[in-house]
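Reviewing the structure listed below.
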Amino acid sequence: LHSAPCVDFVMDWNRMEAVTCGLDNKVNLYNVQQNQVISSFRDGGDGDAQVFLCVDAQLDGPARAALGTNFGRVKVLDLQRMQLVTSLLGHQDHCRALSVD
């Protein structure tokens, strides 16, 4: 569960799993059929002022999520291990939308 507003999510209808991100700087992986949180990740790498603003994910194969932050970074998360893979620079301000192919 998020302790602050959930601002974005992506749904995998075949797996019935969802990835959410929120203003609490947290990512949750949910099993929708069982109404259960499978795993969670909270990133403290850029301090408490950072929040996640958007998410897109691929749950097949190497399950990864891309997350946009209010500091302009795009962070890539390994959803199986719930570990940060990388943090990419490139925006001077908020990253509010992204897409994973």
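Nothing here was measured: the structure is a model prediction, and the numbers come from that model.
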At what distance, to the nearest 0.5 angstrom, does [atom1] of [X] lie from [atom2] of [Y]?
| X | Y | atom1 | atom2 | result |
| --- | --- | --- | --- | --- |
| C54 | L98 | SG | CG | 4.0 Å |
| S39 | N31 | OG | CG | 11.0 Å |
| L1 | D24 | CG | CG | 10.0 Å |
| M16 | L59 | CE | CG | 12.5 Å |
| M82 | S40 | CE | OG | 6.0 Å |

Going by an N to O cut-off under 4.0 Å, is there a salt bridge joining K75 and D43?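 A salt bridge is present here (some side-chain N lies under 4.0 Å from a carboxylate O).
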
Taking atom types as modelled, is there a side-chain donor on N25 or Q50 under 3.5 Å from an acceptor on the other?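 Result is yes, a qualifying pair exists.
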
Go through the side-chain N and O atoms of H94 and N70 and say whether any donor and acceptor fall under 3.5 Å apart.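 Side chains of H94 and N70: no pair found under 3.5 Å.
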
May I have the step-by-step check of side chain to side chain contact (heavy atoms under 4.5 Å, CB included) for L29 and V37, ending in yes or no? CA-CA 6 Å; L29 177 61; V37 176; over 6 Å; no

Quick check: does any side chain N or O of D12 sit under 3.5 Å from a backbone N or O of N14, one acting as donor and the other as acceptor? yes

Flag, side chain of D8 to backbone of L53, donor-acceptor distance under 3.5 Å: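 Not at all, since once roles are kept as given, no pair shorter than 3.5 Å links the two residues.
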
By the definition side chain to side chain contact (heavy atoms under 4.5 Å, CB included), identify the one residue from T20, V19, V32 that meets it with M11. V32

Same cluster or not: are [X] and [Y] linked, directly or through other Ile, Leu, Val, Met, Phe, Trp or Tyr residues, by side-chain heavy atoms under 4.5 angstrom apart?
| X | Y | result |
| --- | --- | --- |
| V51 | V55 | no |
| I38 | L79 | yes |
| V10 | L67 | yes |

A quick test of your reading: do over 12 heavy atoms of other residues, nucleotides or ligands sit less than 6.0 Å from CG of D60? yes

If every non-hydrogen atom of [X] is compared with every non-hydrogen atom of [Y], which pair is closest and at what distance?
| X | Y | value |
| --- | --- | --- |
| V74 | A66 | CG1-CB, 4.4 Å |
| L77 | L84 | CD1-N, 3.7 Å |
| F52 | K26 | CD1-N, 3.7 Å |

Less than 4.5 Å apart, side chain to side chain, heavy atoms only: is that true for R73 and L89? yes

Please identify each residue that fulfils salt bridge (Lys or Arg N to Asp or Glu O under 4.0 Å) with D78, with sequence neighbours left out.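 Per chain and number, D78 pairs via salt bridge (Lys or Arg N to Asp or Glu O under 4.0 Å) with R64, R81.
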
